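What follows is one structure encoded as structure tokens, with my remarks underneath.
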Amino acid sequence: MSTSSALSRPGTTGVQTPADGDLGALASALRSGATRLGAHIGGLYLLSDDLQVLQLELTLGAGRQFIRPWVRIGLAAPIPVADAARDGRLVWVGGAAEMARRYPRVAVSMPYAFCLAAIPLTAGQRVYGAVFLMWPAGHPAELPAWEHDGLMELAEDLVGVLERADHAGRPVRPGPRPMAVSTERSSGVTAMISRLPDGICAIDQRGVLTIVTERAVELLGEPADRLLGARPWTVLPWLRDPVYETRYLAAVMSGQPMSFVALRPPDRWLCFQLYPNVSGLTVRITDAEVAQQDLPDAEVVVGPAVPTRAGVLYHILHLASALTEAVSVQDVVSMVSEQIVPAFGAQAVAVLMTESGRLRIVGHQGYPPGLVDQFDATPLTAATPGVQALTDPAPAFYENRAELERLYPGRRETQDAMAAWAYLPLVVSGRLIGTCVLAFAEPHSFTVDERAVLTALGGLIAQALDRARLYDTKLRLAQGLQASLLPHALPVVPGLESAARYLACTDGMDIGGDFYDLIRIDRDTAAIVIGDVEGHNVNAAALMGQIRTAMHAFATADADPRTVLARTNRLLFELGTTLLATCAYLRVDLSQRQVWLANAGHPPPLLRAPDGRARVLDPRGGLVLNVEPDADYPLTRIGLPVGTTLALFTDGLVEKPGADMDRMLNGLTATFARCGDEPLERVADELIGHAGQAGHRTDDVALLLVRSVAR
């Protein structure tokens with residue numbers, strides 16, 4: 001054997017594709033970069049075509065038992081590689097404590113000591129994906145400057161390969177399974193190891209024994225042909241305790257030597273010393289001297305018991321922590337698709353529930369478009385596996401198409417192009433609320449332990465789904481309330497053009513107290529209102545509705561801005577609420593083309609003049625509403641010639657955690673100046689996009705644009 005890097009994709013026949021040459025170049029760059037930087041594990045993620053998922057394409061130094069939970073990662077997931085690709089920055093995690101603090105989901109499922117770096121793979125505005133490397137636990141907690149430069153060089157090398165492939169018309173796309181970048185042992189090394197008098201074994205990245213010396217065969221008590229090609233904890237019943245596999249996992253992930261003592265029945269104690277490197281593990285086995293008082297009281301199981309896999313346990317912990325972050329039903333489906341489907345080799349997932357006597361598919365991923373729709377609304381009287389699963393709390397496993405067709409001949413489920421299925425009951429507090437269906441593209445043999453694990457996972461999914469259904473119901477009610485309190489459409493005011501946006505906070509119930517309004521008072525007069533009631537709940541929304549209604553009444557009574565705010569402030573005191581509110585109120589005189597502005601602690605509007613210059617208005621302001629019952633709100637006069645555009649917004653547009661508000665405001669003003677001549681709908685989209693508020697938001701965002709035009 002040679003020592004050059006090799007590519008292998010589990011489950012493939014070795015047939016090369018047009019991209020294999022590019023993948024080989026990527027593998028070579030990843031391997032050489034890891035070697036140069038002293039990393040023991042690495043991987044390359046590519047961004048999916050829909051720009052929503054990172055898919056693991058290359059893995060170095062870690063077998064499938066480690067990578068299963070991480071094959072597909074949502075771009076929004078709180079995971080280092082996702083942060084790197086999404087934010088376009090290097091992410092460094094300097095140890096287990098920092099991982100637990102910053103990325104608890106990763107720490108739960110990988111409770112090992114290591115350092116990790118994730119680097120985005122970008123070229124201009126193009127995001128290809130991300131690469132990560134891991135170092136043994138002895139690595140310094142701070143990233144040295146030379147390693148930082150080396151990581152940047154590795155990213156440049158990888159991006160260079162991806163760009164050249166693009167330019168050549170053969171873009172590298174994520175494959176169906178990750179490919180392993182392995183370092184094979186030379187035949188000379190194998191021969192040398194075999195001559196050693198000690199008990200020596202070699203375990204590759206898959207956890208499989210590849211070398212076993214004669215002394216090791218003697219100590220383990222099994223013939224070499226049984227040991228080679230098998231995992232130790234599978235072929236040796238007395239190593240099936242998960243504590244032993246945990247030590248193995250810890251050695252691989254941390255890159256640090258580990259050791260443990262195990263009893264080979266009936267009375268021989270053996271010491272196992274594990275020495276990891278990028279290609280796997282070297283294991284030294286010797287007789288152990290164990291004092292009688294140190295012997296455990298536990299009995300050793302030597303029968304054909306099903307092994308308990310530590311890797312499966314960590315996978316369950318990872319899924320459980322991920323499901324705690326699932327908010328909606330679709331979030332649950334996505335989590336199952338990203339975590340369970342790749343872990344068990346499935347192709348697709350669907351969640352079934354009952355509604356009005358019919359089967360309803362509430363979410364699915366992995367099926368071809370339109371295929372699942374034909375099963376929706378199936379009557380619960382039909383004899384189908386989906387209906388049966390919704391009425392029987394027992395799990396059902398069909399290992400091949402023949403099994404399903406034998407029980408349900410001629411049913412549509414046998415025509416879905418899948419070859420094996422697992423129907424997992426979703427039971428909460430004794431209630432069967434639905435079924436999770438995993439579909440496999442190839443026939444699949446469900447082992448006893450796999451069936452047990454999948455059934456247990458069904459309980460986790462059921463709990464998350466029940467919470468998600470409750471959230472979805474509350475969200476629909478909240479959104480309905482929000483919609484009823486905001487303007488359904490802005491009125492037509494001759495001489496003014498307008499556009500508005502409202503984006504709810506993505507945390508909590510997605511309902512808050514931001515509001516806006518455009519009120520036509522008479523032919524030559526209009527009022528413009530923007531405000532924000534503190535809080536993100538029903539109370540804030542209800543008070544917002546009262547304020548908006550009151551202001552509408554005060555405005556149509558022809559009150560000036562100072563009076564409108566003063567009366568509204570007094571109203572809040574009379575209502576007895578403790579909530580505060582900010583507000584900017586503008587009265588527009590279209591005959592004179594001027595505006596009178598009063599401000600109650602609200603962010604000042606932006607004004608873009610007809611010549612294209614934009615600035616932040618600096619009006620004289622008053623106190624926030626509901627602070628002082630007799631507060632005064634001074635007036636500021638502003639000219640509004642034809643071609644002038646005003647942008648009024650709530651603080652959610654310019655406030656982000658960790659960001660400087662003045663810098664955000666200056667950037668927003670610059671964007672307003674640049675695009676202010678465009679149609680207002682496009683200007684609104686530009687301002688929302690520049691502020692980075694199109695995705696995750698910790699606050700509500702309201703934006704109202706008004707432009708002075710000829711009548």
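What you see is a predicted model; the values in this text were computed from it and never measured. The chain is numbered in sequence order, starting from 1.
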Are the side chain of [X] and the backbone N or O of [Y] linked by a donor-acceptor pair below 3.5 Å?
{"X": "T525", "Y": "D522", "result": "no"}
{"X": "W135", "Y": "L37", "result": "yes"}
{"X": "H602", "Y": "F649", "result": "yes"}
{"X": "E147", "Y": "L143", "result": "no"}
{"X": "T563", "Y": "A559", "result": "no"}
{"X": "R587", "Y": "W596", "result": "no"}
{"X": "T650", "Y": "A702", "result": "yes"}
{"X": "N569", "Y": "E628", "result": "yes"}
{"X": "R620", "Y": "A598", "result": "no"}
{"X": "D517", "Y": "I519", "result": "no"}

[atom1]/[X] to [atom2]/[Y] distance, rounded to the nearest 0.5 angstrom?
{"X": "I638", "Y": "L646", "atom1": "CD1", "atom2": "CG", "answer": "6.5 Å"}
{"X": "Y585", "Y": "L635", "atom1": "OH", "atom2": "CG", "answer": "11.0 Å"}
{"X": "R520", "Y": "L490", "atom1": "CZ", "atom2": "CG", "answer": "13.5 Å"}
{"X": "R562", "Y": "R567", "atom1": "CZ", "atom2": "CZ", "answer": "13.5 Å"}
{"X": "E57", "Y": "Y45", "atom1": "CD", "atom2": "OH", "answer": "11.5 Å"}
{"X": "L154", "Y": "L133", "atom1": "CG", "atom2": "CG", "answer": "6.0 Å"}

Looking at side-chain heavy atoms only, is the closest gap between [X] and [Y] below 4.5 Å?
{"X": "T582", "Y": "D651", "answer": "no"}
{"X": "Y128", "Y": "L47", "answer": "no"}
{"X": "V701", "Y": "Y502", "answer": "no"}
{"X": "L687", "Y": "L703", "answer": "yes"}
{"X": "L625", "Y": "L580", "answer": "no"}
{"X": "L54", "Y": "L75", "answer": "yes"}
{"X": "Q365", "Y": "Q330", "answer": "yes"}
{"X": "L575", "Y": "Q546", "answer": "yes"}

Determine the minimum heavy-atom distance between [X] and [Y], stating which atoms define it.
{"X": "V91", "Y": "A84", "value": "CG2-N, 3.8 Å"}
{"X": "M551", "Y": "V564", "value": "CG-CG1, 4.2 Å"}
{"X": "V493", "Y": "A526", "value": "CG1-CB, 4.2 Å"}
{"X": "G601", "Y": "V624", "value": "CA-CG2, 4.1 Å"}
{"X": "F672", "Y": "L607", "value": "CE2-C, 4.0 Å"}
{"X": "A581", "Y": "I547", "value": "CB-CD1, 4.0 Å"}

Do you see a donor-acceptor pair shorter than 3.5 Å between the side chains of [X] and [Y]?
{"X": "S708", "Y": "R593", "value": "yes"}
{"X": "D83", "Y": "Y103", "value": "yes"}
{"X": "N666", "Y": "T669", "value": "no"}
{"X": "T645", "Y": "R608", "value": "no"}

What do you reckon, is CG of D618 surrounded by more than 12 foreign heavy atoms closer than 6.0 Å?
no
Greater than 12 external heavy atoms within 6.0 Å of R523's CZ
no
Decide side chain to side chain contact (heavy atoms under 4.5 Å, CB included) for V428 and L465; before the verdict, give the C-alpha distance in whole Å, the side-chain angles of both, and the deciding distance to 0.1 Å.
CA-CA 9 Å; V428 177; L465 187 64; over 6 Å; no
Under the salt bridge (charged side-chain N to carboxylate O under 4.0 Å, His left out) rule, collect the residues that match up with [X], sequence neighbours excluded.
{"X": "R126", "value": "D166"}
{"X": "D611", "value": "R613"}
{"X": "D560", "value": "none"}

Let me see the working for R501 and E681 under salt bridge (charged side-chain N to carboxylate O under 4.0 Å, His left out), right down to the final yes or no.
CA-CA 9 Å; R501 294 287 186 274; E681 294 293 336; 2.8 Å; yes
Output, in order, the C-alpha distance, side-chain angles, deciding distance and verdict of side chain to side chain contact (heavy atoms under 4.5 Å, CB included) for I73 and V81.
CA-CA 9 Å; I73 296 174; V81 288; 3.7 Å; yes
Yes or no on side chain to side chain contact (heavy atoms under 4.5 Å, CB included) for S498 and L705, after CA distance, side-chain angles and deciding distance?
CA-CA 5 Å; S498 61; L705 300 175; over 6 Å; no
I would like to know whether D685 and R682 meet salt bridge (charged side-chain N to carboxylate O under 4.0 Å, His left out); could you show each step before the answer?
CA-CA 5 Å; D685 292 337; R682 188 175 301 170; over 6 Å; no
Give the C-alpha distance, both sets of side-chain angles, the deciding distance and a yes or no for side chain to side chain contact (heavy atoms under 4.5 Å, CB included) between R711 and L590.
CA-CA 9 Å; R711 290 203 276 186; L590 292 169; 4.2 Å; yes
